[in-house]
Amino acid sequence: MDAADEFGIAASAAALHTLKDLAKKPDDEADRAQLANTYTDRLVPERSPGNALYIELRKAPYQICPLCGHRDISTLDHQLPKGKYPLLSVVPINLVPACGICNWLKGEHVPETAGDQTLHPYYDDLSDQQWLFARLKWTENRPPEVTYFIRSPEGAGDVLAVRVFCHFQMLRLAELYGPNAVREMSNIRGILRAMNAAGRHKYLLLAEHSILTDKRAGGHNHWKRALFQALAGDSWYLESGFDQF
Ligand SMILES: [Zn+2]
């Protein structure tokens with residue numbers, strides 16, 4: 001069995017942490033360095049032999065990073081880092097189109113346990129289950145804020161639930177989504193002003209629904225879906241709070 005097969009089987013079983021032996025191969029340092037550089041030297045540079053494949057792999061629908069669901073794709077992320085797993089440096093199923101920041105945040109992380117892995121877009125499809133939620137926090141004398149949190153996806157096993165948490169933490173999604181949410185609320189303030197509370201409620205439900213039912217718009221776990229859902233359920237926001245953003 002080659003490294004790609006080993007990776008595929010482990011990824012399907014959420015068991016990338018069991019591939020520690022693969023990290024030891026090849027044992028010759030020069031070979032390791034050469035393999036690790038294959039990606040950098042022969043895939044990424046514009047005139048390199050593998051550049052057409054690199055471009056093809058980076059293509060994803062609408063060019064949005066599948067890891068954060070927000071920033072533009074600008075690179076390929078190694079699900080298991082090439083520096084630690086030279087044999088996987090150019091294995092396509094180990095290469096995920098991603099934004100530069102998600103790529104940087106994952107860094108050289110090597111999973112220690114089954115739960116200690118970010119979600120792999122080719123293997124962990126949770127696109128029809130909501131796990132991302134938002135909550136509006138408002139108290140006297142403090143600017144209101146939006147906090148994001150996760151709940152275990154329904155029916156997901158323990159390992160997947162822990163991995164969703166790992167994904168959320170490692171990619172610092174709460175830090176990304178919170179400020180975006182406040183900007184979005186500022187964007188829709190003018191629209192909401194033209195409506196009464198019932199109209200605002202209806203508008204927000206519609207906005208949530210349009211994202212939820214359209215994978216291209218983000219689907220179940222897009223930060224805007226969670227935001228509109230939270231706002232539609234917040235009577236303070238619907239009555240008067242919307243005007244404070
Ligand atoms: Zn990203």
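The first residue of the sequence shown is numbered 1, and numbering continues consecutively from there. Just so you know, ligand 1 is whichever comes first in the structure, and atom 1 is the first atom listed for that ligand.
For the pair Arg135 and Tyr148, the NZ or CZ position fails the cation-pi test of under 6.0 Å to the six-membered ring centre and within 45 degrees of the ring normal.
Geometry about the Zn ion (ligand 1) gives an angle of 110° between SG of Cys68 and SG of Cys99, rounded in steps of 10 degrees. Here the angle at the Zn ion (ligand 1) defined by SG in Cys102 and SG in Cys65 stands at 110°, rounded to 10 degrees.
Because the distance cut-off is set at 2.8 Å, His70 fails to qualify as a neighbour of the Zn ion (ligand 1), as none of its N, O or S atoms comes that close.
Remark: the backbone N or O of Leu67 is paired with a side-chain donor or acceptor of His167 at under 3.5 angstrom. Remark: side-chain polar atoms of Ser74 are paired, donor with acceptor, to backbone N or O of Gly100 under 3.5 angstrom.
Looking only at atom types and distance, the side chain of Asn180 has a donor-acceptor partner in the side chain of His70 under 3.5 Å away.
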